[in-house]
Amino acid sequence: MKATLESLLAEALKRLQEAGVLPPDAAQRARLTRPRDKAHGDYATNVALALAKTAGTEPRELARRIVEALPAHPAVARVEIAGPGFINFFLDEGAHRSVILRVLEQGEAYGRSQLGAGRPVQVEFVSANPTGPLHVGHGRGAAYGATVANLLEAVGYRVHREYYVNDAGRQMDILATSVWLRYLELAGQDLEFPSNGYQGDYVWDIAATLHREHGEDYAVPVERVFAGIPPDAPEGDKEAHIDALIARAQALLGDIRYRYVFDLALTTILDDIRDDLEKFGVVYDEWYSERGLVERGLVMQAVERLRRAGHVYEHGNALWFRSSAFGDEKDRVVVRENGQFTYFASDIAYHMDKIERGYERLVDVWGADHHGYVPRVKAALAALGEDPERLDVLLVQFAVLWRGGRKVQMSTRSGEFVTLRQLRKEVGRDAARFFYVMRKAEQHLDFDLDLAKSRTADNPVYYIQYAHARVASVMHQLQARGWRFEPDRADLSRLTEPHEADLTAALGRYPELVESAALTHEPHLIAHYLRELAHQFHTYYNAHPFLVDDEALRNARLSLVLAVQQVIRNGLGLLGVCAPERM
RNA sequence: GCGCCCGUAGCUCAGCUGGAUAGAGCGUUGGCCUCCGGAGCCAAAGGUCAGAGGUUCGAAUCCUCUCGGGCGCGCCA
C-alpha cells in the first residue's frame with residue numbers, strides 16, 4: 001500500500017516537474033511516513049515543505065498543487081493539507097479492512113516480499129574460534145546474525161548463512177597442545193600446566209577421549225616434553241613458553257599423531273558448537289574452513305594479487321599491505337618476519353573468495369571490540385579493485401548478564417565463563433533469542449536472567465506468546481460452544497470499534513516494518529512491534545467479547561483476531577521464537 | 001593521545017533516518033474477574049532529550065566543542 005501511494009505521489013511530482021514548477025530530481029523525494037497521530041491520516045508526506053524553497057512557493061500552496069496533480073485511487077478516501085504544509089492521506093475503510101483478508105490468505109507469507117529479487121547475500125556470523133564452547137557473548141551475535149539473515153530472506157534476498165572456522169591459527173595449536181598435556185596427566189604424569197594453555201574442563205574431556213581410545217599410544221615421558229623449554233610466567237614469557245611446547249609436541253608426536261590430536265580437539269569442539277547453535281535455532285548453509293582456504297593456496301593468491309597491484313612492500317623482513325592508502329590509519333603486516341601469513345592475510349583471502357563466489361552483498365556480524373578491524377578489511381577490498389561498500393560490517397555490543405540485581409562475573413581465563421548452553425538451559429531458547437535482539441545491536445545489552453525466566457507480564461516474551469496462545473484458546477472455546485469459524489459469514493464492515501481500527505492498522509504496518517528492519521539490519525524493531533501488537537490485542541480482548549451470538553460480527557472479530565495471531569506467529573518466527581498454542 | 005559506539009521519565013529502552021503535542025515497559029499510586037485463560041486490562045503522577053553553540057520554515061535526530069560511560073588502537077586471533 002505504501003509503495004502504491006508513493007508511486008501516486010511520484011506521479012504527481014513528475015507532472016509538476018513537467019509543468020516547470022519543480023526541479024528535475026523532485027520525484028525522488030516521494031516518500032511517505034506513518035504519522036504518530038491518527039488524526040494526521042494513515043500516511044503523510046513532507047515533500048511540499050522540503051521542496052517549497054527550491055520551487056519558490058509557499059509550502060501550503062505547493063501542497064495544494066501537488067494534491068491537485070495527484071491521480072485518483074480507489075483506496076484513498078481523501079487527502080488533506082495540514083499544518084505548515086503536510087499532505088495527509090486517509091485510506092478508505094474498505095482498503096483498511098482488506099488487510100485482514102490478506103493476512104488470512106497469505107498466512108506465513110504475509111510480510112514477505114520480493115524486494116531483494118533473489119539477489120545473493122552472504123551473512124557471516126558468530127565465527128568464534130573453535131577453541132572452546134560458545135559463551136553468552138557469542139549468543140548475541142548468533143541471535144542477531146540469525147535474525148538479520150531471516151529478515152533478508154523474508155524480503156526476497158537469497159541468503160547464504162556461513163560460519164568461518166578459524167581452524168588454522170596458533171590458538172588451535174595451543175588447544176591441541178593443551179589437550180595433549182592433559183592427556184599426559186591422565187596417563188599418570190605430573191606436570192606444570194602452562195598458564196597460557198586452555199584451562200576449561202572441556203579440555204580434560206577431549207584428553208579423556210584420547211586416553212580412552214588410544215591408551216598410552218600418545219604418551220611421552222614428561223621430562224622429554226619440558227626439557228629445554230623456556231620458563232613460564234611469572235619468571236619467564238608465557239607466550240615463548242607455550243610456543244616452545246607446541247613445537248615440542250609436534251616434534252615428539254610427529255606430524256600424523258599431532259594432527260590426530262589437533263583434529264580430535266577441533267572436531268569435538270566444532271560438533272559441540274554446531275549442536276549448541278542448532279538447539280538455539282541457528283542453522284548454517286556452510287562451515288567455511290580457514291585451513292581449507294590456506295591449503296587451496298587462496299591466501300597466497302590474495303597476497304600475490306595485492307603485490308601485482310603494487311599495494312605491498314617489504315619492511316623489516318615482513319611484507320606490509322599499504323592499507324593506509326585506502327583509508328586505514330596505518331599499514332598492516334600480511335606476511336610475518338618468520339614467513340607466516342597473518343590472520344589478516346587469510347581474512348583478505350576469505351573476503352576475496354566471498355566476492356568471487358558471487359555474493360552481491362556481504363554481511364559480517366562482529367563483536368564491537370573488533371571495530372578497529374573494519375577499515376583494514378574494507379581497504380583490502382578496495383585495493384583488490386572491489387567496491388568496499390558491498391561489505392556491511394554489523395557490530396554487536398556486549399551483553400552483560402544480571403542475576404538477583406548484580407552483574408554475573410565472567411572470566412574466560414579461569415575457564416569459568418557462562419556458556420551459551422548454560423544460558424539456554426537456564427532461561428530457555430525463546431527468552432534467550434528474544435532478549436538478545438530486543439535492543440539495538442550497537443546498544444549495550446543488559447540481560448536480566450530473572451526477568452527472562454519469569455512467567456509474568458513483565459516478561460515481553462511471555463506477554464507476546466500469551467497473546468498468540470490466547471487466540472488459540474478462543475478458538476477452542478468456539479468449538480466448545482458448538483460453533484465453527486466461518487470466514488465467509490464474516491461482515492468486516494461491522495468492525496467499527498476504535499480498538500479494531502487500531503489493530504487493523506497495526507496489521508497493515510507489518511510488511512513495511514519487516515522491510516525496514518531488514519534493510520537497516522534492525523531486528524529490535526520487530527521485537528518492539530510484536531510487543532505493541534500483543535498489547536493492542538490484550539486490550540481488545542478485555543474490552544470486547546469475540547464469541548457473540550451475532551454471526552456476522554462474531555466471524556468478523558474472529559477473522560481479525562486470527563490475523564493478529566498469524567502476524568505474531570510470523571514475527572516471532574523471524575526472531576526464532578516459538579508461537580505456542582498453549583502455555 | 002587518536003578512533004568507534006553510547007548518554008531520552010526513578011530503572012531498562014523506543015523514537016519510522018529532519019517534521020505536527022516526546023513514547024513504551026518496569027517501578028510508584030488508584031481502579032477492573034458470576035463474562036472467550038487475571039501470564040490480562042484501565043487510569044494518574046513522572047522530561048531543560050548530558051551541556052553549550054551552530055545549520056533552517058522546523059533538531060532528541062545533522063555539524064562543532066565540552067562533560068560523562070563503554071570498547072578498540074600487535075609481525076594475537
Side-chain angles (χ1 to χ4, degrees), chain A residues 31-37 39-40 44-46 49-50 52-53 58-59 82-86 88 128-129 131 166 168-172 174 239 290 315-320 329-330 332-338 340-344 346-347 367-375 395 397-398 400 402 438-446 448 451 454-460 462-463 465-467 469-478 480-481 509 512-513 516-517 520 522 524-525 527-529 531-532 534-535 537-548 557-558 561 582-583:
Chain A
R31 290 219 309 267
L32 292 173
T33 58
R34 292 272 191 177
R36 220 194 313 268
D37 189 339
H40 297 143
T45 179
N46 63 350
L49 287 156
K53 200 168 191 183
E58 286 295 307
F86 292 102
N88 297 333
N129 277 346
T131 52
N166 294 119
R170 172 169 172 264
Q171 293 304 319
M172 281 307 299
I174 295 177
E239 305 289 348
E290 181 189 8
H315 176 73
N317 287 326
L319 193 69
W320 295 71
E329 57 183 14
K330 53 184 273 200
R332 310 288 172 179
V333 171
V334 285
V335 181
R336 289 196 279 255
E337 204 174 352
N338 64 11
Q340 291 187 331
F341 291 112
T342 57
Y343 175 81
F344 178 43
S346 37
D347 231 17
D369 53 336
H370 286 68
H371 68 80
Y373 204 74
V374 179
L395 299 171
Q397 291 286 351
F398 298 122
V400 178
W402 293 78
M438 208 164 50
R439 304 288 175 239
K440 250 191 311 211
E442 61 262 34
Q443 205 41 272
H444 289 269
L445 175 70
D446 283 325
D448 185 338
L451 179 60
S454 79
R455 301 181 163 247
T456 66
D458 316 359
N459 187 338
Y462 285 101
Y463 185 82
Q465 289 181 324
Y466 179 47
R470 231 177 184 182
V471 177
S473 172
V474 168
M475 297 312 283
H476 285 126
Q477 228 0 270
L478 178 78
R481 294 187 191 185
R509 222 170 66 220
E512 294 162 25
L513 182 89
S516 114
T520 58
E522 292 184 328
H524 75 278
L525 295 176
H528 283 275
Y529 168 84
R531 213 206 166 280
E532 177 61 30
H535 171 65
F537 168 76
H538 287 309
T539 300
Y540 181 41
Y541 179 95
N542 272 273
H544 304 286
F546 311 149
L547 303 180
V548 292
R557 285 184 171 168
L558 289 174
V561 147
R582 190 174 296 135
M583 299 172 67

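Throughout, a chain's letter reflects where its sequence line sits, starting with A, and its residues are numbered from 1. All values below come from the heavy atoms of this structure, side chains included, with hydrogens, waters and symmetry mates left out.
- Here A/Ala39 lies out of heavy-atom contact (under 4.0 Å) with every strand.
- For B/A39 and B/C26, the P atoms lie 15 Å apart once the distance is rounded to whole Å.
- Rounded to whole Å, atom P of B/C16 lies 15 Å from atom CZ of A/Arg34.
- Listed candidates were B/C41, B/C36, B/G19. Nearest to the side chain of A/Asn46 is B/G19.
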Item checked: Secondary-structure string, 5' to 3', Watson-Crick or G-U under 3.5 Å, | for another-strand partners, for RNA chain B -> (((((((..((((.....[...)))).(((((.......))))).....(((((..]....))))))))))))....
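- Between B/C36 and B/U28, the distance separating the two P atoms is 29 Å to the nearest Å.
- The side chain of A/His535 places an N or O atom within less than 4.0 Å of a non-bridging phosphate oxygen (OP1 or OP2) of B/C41.
- A/Asn129 comes within 4.0 angstrom of the backbone, heavy atoms only, and of no base.
- Residue contacts for A/Gly316: at a heavy-atom cut-off of 4.0 Å it reaches a base atom on one of the strands shown.
- For A/Asp369 and B/G72, a side-chain-to-base donor-acceptor distance below 3.5 Å is absent, hydrogens and geometry of angles not being considered.
- When distances are taken from the side chain of A/Arg336 to each of B/G38, B/G19, B/C75, the shortest belongs to B/C75.
- Within the 4.0 angstrom heavy-atom criterion, base atoms lie near A/Glu337.
- Within the 4.0 angstrom heavy-atom criterion, only backbone atoms of the sugar-phosphate kind lie near A/Arg481; the bases stay farther away.
- Side chains of A/Glu290 and A/Ser346: a donor-acceptor N/O pair is present below 3.5 angstrom, by distance only.
- Among the nucleotides B/A14, B/C57, B/C75, the one closest to the side chain of A/Arg439 is B/A14.
- Proximity of A/Tyr463 to the phosphate of B/C41: a side-chain N or O atom is located under 4.0 Å from OP1 or OP2.
- Looking at heavy-atom distances under 4.0 Å, A/Glu532 makes no contact with the nucleic acid at all.
- To the nearest whole angstrom, the two P atoms, one in B/C16 and one in B/C62, are 10 Å apart.
- Protein atom CZ of A/Phe344 is 14 Å distant from nucleotide atom C1' of B/C76, rounded to whole Å.
- Across the protein-nucleic acid pair, A/Phe398 atom CZ and B/C6 atom C1' stand 14 Å apart, rounded to whole Å.
- The aromatic rings of A/Tyr343 and A/Tyr373 sit tilted, their planes meeting at an angle between 30° and 60°.
- Comparing B/C6, B/C75, B/C76 against the side chain of A/Val333 picks out B/C75 as the nearest.
- Minimum atom distance to the side chain of A/Arg36 is reached by B/C16, of the listed B/G37, B/C16, B/C41.
- The listed nucleotides are B/G38, B/C16, B/C75; the one nearest the side chain of A/Tyr541 is B/G38.
- Against the 90° criterion about 0, the sugar-base torsion of B/U66 places it in the anti range.
- Rounded to an integer number of Å, the gap from A/Leu445 CG to B/A14 P is 10 Å.
- Candidate nucleotides B/G7, B/A77, B/G38 were compared by shortest atom distance to the side chain of A/Arg470, and B/G38 ranks first.
- Residue-to-nucleotide contacts include no donor-acceptor pair under 3.5 Å from the side chain of A/Asp347 to the base of B/A77.
- The residue A/Leu319 sits apart from the nucleic acid: no heavy atom pair falls under 4.0 Å.
- Using a 4.0 Å heavy-atom cutoff across all strands shown, A/His528 reaches sugar-phosphate atoms only and no base atom.
- Contact check, A/Lys330 against B/C2: no side-chain N or O comes under 4.0 Å of OP1 or OP2.
- If you check every strand for non-hydrogen atoms under 4.0 Å, A/Thr520 touches a base.
- Considering only side-chain atoms of A/Phe546, the nucleotide from B/C36, B/A14, B/C75 that sits closest is B/C36.
- Remark: A/Arg470 qualifies as a cation-pi partner of A/Tyr541 under the 6.0 Å distance and 45° angle criteria applied to the six-membered ring.
- Using a 4.0 Å heavy-atom criterion, one finds that A/Thr539 contacts the sugar-phosphate atoms exclusively.
- Listed nucleotides: B/A20, B/A77, B/C57. Nearest to the side chain of A/Ala82: B/A20.
- Taking every side-chain heavy atom of A/Leu49 into account, B/G19 is the closest of B/A77, B/G19, B/C5.
- Taking the six-membered ring where tryptophan is involved, the planes of A/His315 and A/Trp320 are perpendicular, since the angle between them exceeds 60° and thus also 30°.
- Across all strands shown, A/His476 has no heavy atoms under 4.0 Å from either base or sugar-phosphate atoms.
- Classification of B/C13 as anti follows from a glycosidic angle more than 90° from 0.
- OP1 or OP2 of B/A14 lies within a sub-4.0 Å distance of a side-chain N or O belonging to A/Gln443.
- To the nearest angstrom, P of B/G19 lies 14 Å from NE2 of A/His40.
- Between the side chain of A/His371 and the base of B/C5, no donor-acceptor pair under 3.5 Å is found.
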